[in-house]
Amino acid sequence: SKPATSTAGGTPTSVAADKQLKIGFFGFAKANSFAQAAWAGVQSYAEKNNATATFLDSNFDGPTQVNQLQDAVTSKRYDVVIVQANDGVAMVNPIKQAIAAGIVVVVEFTPVGGKFDTAEPQVPGTINIIDPPTVNGVGLAKLGLEACKTVASGACKVAYLQGFANYPLDTARTDAAVNALKSGGATVVSNFVGGYTPDTGRAAMQNLLQSHPDVNVVIGSSQALEGATPLAKGKKIGFVGNGGSTQAFGFVNDGTWYGVYDVPEKSEGTKAAELGLAKARGKDVPASTVACTTLTTFECLGTKETLKGLTADYSD
Amino acid sequence: MTVDAATPAEPPAQLPPATGSTGSRRAVRFRDYGILVALIAIVIALSLSTDTFLTRSNMINLLDQCTVVGLLAAGATVCILSGVFDLTASATLAVSAIVGVEIMRVTNVPVGFGAAVVAGALLGFVTGMIVVRSGINSFIATLATSIIYRGVAVVVTAGAIVYPLGSQTENFGALTWPSLFGLTSATVMFVIVVVAIGLLISTTTFGRRVYAVGGNLEAAQLSGIRVGSIHVAAYVISGVCSALAGLILASRAGSAQSTMATGAELTAIAAAVIGGTSILGGEGAIWRGVVGAFLLTLIGNGFNLLGWDTIYQQVLQGCLILFAVTTDRWLRRRSR
Amino acid sequence: MTVDAATPAEPPAQLPPATGSTGSRRAVRFRDYGILVALIAIVIALSLSTDTFLTRSNMINLLDQCTVVGLLAAGATVCILSGVFDLTASATLAVSAIVGVEIMRVTNVPVGFGAAVVAGALLGFVTGMIVVRSGINSFIATLATSIIYRGVAVVVTAGAIVYPLGSQTENFGALTWPSLFGLTSATVMFVIVVVAIGLLISTTTFGRRVYAVGGNLEAAQLSGIRVGSIHVAAYVISGVCSALAGLILASRAGSAQSTMATGAELTAIAAAVIGGTSILGGEGAIWRGVVGAFLLTLIGNGFNLLGWDTIYQQVLQGCLILFAVTTDRWLRRRSR
Amino acid sequence: MSTTAPSISVRGVGKSYSGVTVLRDVDLDIAPGEVHGLVGENGAGKSTLLKILGGVVRADHGTLSFDGEQVTFARPRDAIAQGVSLISQEGALVPALTVLENVFLGRWAQTAGVRRAGHDRKRFDELIELTGFEVDPRARVDLLPTGVQQQVEILRSLARGARVLAMDEPTAVLSEHEKDNLIALIRRLADSGTTILLVSHFLDEVLAVADRITVLRDGALVTTDDAATQTPRTLVRQMVGREIDMLYSTPDPIPDDAPTVLSARGLRRGPVQGVDLEVRAGEILGLAGLVGSGRSETLRLLFGADHATEGTVDVDGATLTRLSPRRAMAAGIAFVPESRKEQGLVMARSVSENVALSSLPRRRVGPVVRRSAERTAVDTVSRLVDIRAAAKDAPVETLSGGNQQKALFAKWLLCSPRILLVDEPTRGVDIAAKSHIHHLITELARDGMAVVCVSSEIEELLALSHRVLVLRHGRPVGEFPRGTAKEVVIAAAFGDEGEPT
Ligand SMILES: Nc1ncnc2c1ncn2[C@@H]1O[C@H](COP(=O)(O)OP(=O)(O)OP(=O)(O)O)[C@@H](O)[C@H]1O
Ligand SMILES: Nc1ncnc2c1ncn2[C@@H]1O[C@H](COP(=O)(O)OP(=O)(O)OP(=O)(O)O)[C@@H](O)[C@H]1O
Ligand SMILES: [Mg+2]
Ligand SMILES: [Mg+2]
């Protein structure tokens, strides 16, 4: 039988400010420095604000994460959960359950729900602090077009290395980036899968140079570009990485890369903890926060100039 | 002379010796359930160490969490029993769920659900035909086929997520609704399907043939069994299980996409083998696959409830699996 | 009895037909290389349809891209020949690379490389002992073990990435440097290792034992072959291959981490089986594993060069694998 | 290990499987260089005793001494180290390897670990000279006829230069000629000091070659006696515990109006080079020939297990098109294959499942198996062929070799066929059960069944069949009526009268 529609977004009973709260951080994977950066932010904020935090490792697995959240609701272990969703659509249900159980849910970095072009919460009652993939894609394209001007006069050929082949989230980002690049007047090559490791990036770059030796700008995940960069020695290629790791900062600073799309991940973690704890303590918080606007002055578009003086939050 | 009915003209002077003492019989029975012993040991450990494990709501969750792997494990068990692997399981799952949603958009929710199941059966049939006709080892044939199916899923969805129409969204979630005894509908469906497959395998002539084909292909062939049809049928059953699992996942997510359940076919095979089904075929049972799936779910669930540091989770999970399978194995060997 | 027992007065006149004649022998040779025929067909197709495929630099790239899967496939082939699976390959790869880097930090680059190889061998040894001692089917035993190893990798690195010291960074990349004939050092190492393992398997008595154990474990046991030791040795070889593959990956990335090469063990097994090694053990060869790995790399490489839309890539990859394996299979069957 | 044979003494050896005792307190002394025969009914424990000596099975209790020194055989390796070599009843070849590899399995010639195949090849040729076998060293063993596989096993034991040779029914599928060769070889080996343990159901053979004979019954040792004091009759009495009639049963004459039920014209495929045959209702046709002469392959073609490249198979005058086992079965043909392990039984499944397998559709309601009907049918037929198993739901692999053979036969009887093709129907079956199976076959023929029977035991064929067709190199070279002298048939199989035209 159909359940009586539980009023989603049940307001959590606000608690006394001096009660110690518990945060559950459902990160992508413990073995992932990006997740670790957010985790560091969460942890430090929690420590200073009368809360404890726990990292729940789903090891990049969607179903595992779903079960973890479900079981967390059962065991009533956390007052606030911060979710980095491995599978944004699969997480919708357990998040609804959590909200119904009076737990504060903060959605961080990747959207929960199937829309990739909005920062608004797609599950009522959640707090969002995310970087929508399409915004990310457009940002990458912006940097790419700027890079064009530094390496090519006139026509510019841009290669966009996809993330995972045909993952919906990657597809949305790729489409947004490719469209923006095209409307910016660049020729786009987007049939190479760069992945998220230096090794896959290296193979993609080898093949790219084989079939498009005249490429001017290469855009891809920062990890992939780390593998690709050495192959471009002696060539005039502008690189634009997705992800502001220490390595990526290094490449930008020494001029090897033109720029990176840099989400300040640690600050985002801190912000997520701040929002979550505030709501749990009965304060009003905005339902959606756009990380790039709130946490950076340069809309995440990191170049040698904008990144001056900044340090990266994590390493690849 | 028809042997079936007739009494022998001259019966041999001696009858065979008494058929097995009761003592040894009981031993045989007991040793067959080693994996259950391991399962119960873990359940007891968890009940004692947490106060949330043995709650009604956790049991409901646990069963619900088990449904997807459980269905896939049942399908995988049928295939393995008949001596083949089905590595297409998770790709079939994705394609059927996508087809279900696409059809749903132009019809209604029940038709969409039905279409997904039909798609699963058809894909299973195609897989089976590829394996049987090509004569390639099923491991590699289904691996290649699964890549193709995933590709088809990408082509059909253009890499995006597919949703039912807005008006269908609510009913599409039907499998997550509570049902009999408070169990989710998915759980109820899972139980029904698994019991049906269990009966099919253990009581019918088809089931006998499955065991024979998996146990000794040549002997089965020489006994007049159409080995190819048995394999195709096994893949069809596995396809239907995958489609049902896909519906559960899609119903939970409210949508379907080409990357659904990546890698789940391995978990399913693992569950089947952990339960005690021989990877070489011909030995095992459906309940074993389900117990294997349950064990895997349980290990994950227990961990979450215990709230231990997840950094040690994997190490301990691996050890627990080894423990369970070794227990099973040793109990069986002791009486050899 | 008239037939003189001691010396057959007149030995049976003919040797069995067919087996000896040169004609059939050549057929035997030819049919064994079906997979090469498929490989060559794909190479020709690619050479004709792109002008970048048959360039020197692309060949260098192709070989370089093949090294990791190729090494893993060689290890997997040894295991499969001896009748066991090694699903720990990619986890062993990660742990050895991490150990290598950690040791490197307190010593120097060559010692670190050596340490990784030793770690690989040790892990292989442990895997082998677990499989042999527990008596569990290798598929599930190594699956559980691989979960444990991944867990160990997470614990050792605390989930972070490990780097060599700044001063070592450059030399750490040594495996990506060009070497003999412009090939990368990784390629040269790969060729040497694979040839060595190939010779080990095809010319030594150890190799014979591997085939015997994989072909019929019981018969091998009855012949006094220490089946357990052979299996452990196979895992050690596979462990060393994994460690070398791990070093190549780490050298390219300049670092190591616990999620390296996830899932690569399946690709390795696929490569072995695509090449024509029987998944049931006892039949096959190292070169087959390498050819399988090459074929998989080639299919990926060709796609990128052709510049087709990635959306169809998977469908076509699956079809090409089916094509290659079926060709092999049919050529073999024809002459049976 | 010294090279001379040890004196072996077995004391109080016992073994049981899940509560069922299969060997009880066996005491046995074997002198060096002796040929020791071991006889007993199916399931008496002969193979188990041999396996204990070969280190394959561990005794529950009791001791083993070689030259007065106690030894423990935890695994085959240990036994091999003591110079014991076992030819097991079920065969232990590595299918994908060649004859040469199998003969020297685990004992390959080497220099610093590198294989020296040439050296092994030389030793192989020496062995061939010694035994008079005809085996191609380069052939893959799984493509060889069962008889040749058996020879490979024998060659392997010899290649090990064993001090103690334990042979479990080595002659079960050898034809007369190879059998005689082997017996002579055993004598020669014994004379040169090798101890030989021989298990066989051919009592004549054992009596002819053994110095002493031990009889086992229900796992217990009945007697050990000089062969000279025994006759087949006394042996049987000790084995079975009573007198039994060992005469071959005689087939009834075929009625004149019996129609031709099965006929084949110009069958060809691989080793079969054009076989014609005809069998009438109620007739038993024997197929004789040397090992590898194409007898088994002929039966397979008749049953559609392999597809003939040329020729036709007719049942009741109508040609069977696109012949397959299913179609053959539908036409009333049953086929008892020669290798129970490879082609006959699903080893891991229970006795009743195996016996019921080929006649499943006869006992069902809708798709569901009628268990009670199945139990009745299996019980009836098992009693008919006298299968002795601890339990009908025990895996068939736990049965003794002879009982497995009976289960295989029972499986096909349950189909109530009109045409029965049997390949080595009494392979490994004890003497009482054998005459029982003969009796069954003649009885089935009397009721109108057409039977084609392949056997390597010419005496069996000559006694059982109405006609014996002799094959050589895949061609029929002669047909002999009942009562023909054995020597004549052997000569035909051999081709002593020159090449067939
Ligand atoms: N692995 C096993 N498990 C259970 N019972 C077994 C096993 N192996 C043998 N047996 C039983 O032990 C008894 C003796 O078997 P064995 O093979 O020694 O007989 P045998 O004298 O060689 O008979 P045959 O002449 O038929 O070969 C049989 O009843 C058999 O069923
Ligand atoms: N010594 C041998 N070496 C290799 N192949 C042989 C040998 N003898 C026979 N063959 C092959 O055996 C096949 C005939 O096998 P088949 O099984 O029909 O023989 P069979 O008469 O039933 O013998 P068996 O009684 O040994 O089973 C032919 O393919 C022949 O080439
Ligand atoms: Mg026996
Ligand atoms: Mg034969």
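Values in this document were obtained by computation on a predicted structure and should not be read as measured data. The chains referred to below are lettered A, B, ... by the order of the sequence lines, with proteins before strands, and numbering in each begins at 1. Values reported hereafter were calculated over all heavy atoms of this structure, with side chains retained and with hydrogens, waters and symmetry mates removed.
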Answer yes or no: is there a side-chain heavy-atom contact under 4.5 Å between A/R77 and B/T52?
-> no
Please report the shortest heavy-atom distance between B/A158 and A/T171, naming the atom on each side.
-> O-CG2, 3.8 Å
Region of B/T267 in contact with chain A, defined by heavy-atom distances below 4.5 Å | neither
Could you look at A/F164 and say if it's the side chain, the backbone, both or neither that has a heavy atom under 4.5 Å from chain B?
-> neither
Gap between atom CG of A/N67 and atom CG of B/D64 - 0.5 Å precision = 8.5 Å
Chain B heavy atoms under 4.5 Å from A/T74: which part of the residue, side chain, backbone, both or neither?
-> both
Portion of A/D87 that has a non-hydrogen atom of chain B nearer than 4.5 angstrom = side chain
In this structure, NZ of A/K76 is separated from OG of B/S57 (nearest 0.5 Å) by 6.0 Å
Decide yes or no for A/D57 and B/Q313: does some side-chain heavy atom of the first lie under 4.5 Å from some side-chain heavy atom of the second?
-> no
If only atom types and distance count, is the side chain of B/Y163 paired as donor or acceptor with the main-chain N or O of A/G114 below 3.5 Å?
-> yes
Answer yes or no: are there more than 12 heavy-atom neighbours, outside B/Y312 itself, under 6.0 Å from its atom OH?
-> no
Among A/G62, A/G88, A/G24, A/S75, the residue with the most heavy-atom pairs under 4.5 Å to chain B is A/S75
Would you check, one step at a time, whether the test side chain to side chain donor-acceptor pair (under 3.5 Å) holds for B/Q65 with A/D71?
-> CA-CA 10 Å; B/Q65 288 171 10; A/D71 293 338; 3.0 Å; yes
Over 12 foreign heavy atoms within 6.0 Å of NZ, A/K30 = yes
Does some side-chain heavy atom of B/T262 sit less than 4.5 Å from a side-chain heavy atom of A/Y167?
-> yes
B/I60, part contacting chain A, at a heavy-atom distance under 4.5 Å = neither
Taking atom OG1 of B/T176 and atom CD of A/Q97, what is their separation to the nearest 0.5 Å?
-> 8.5 Å
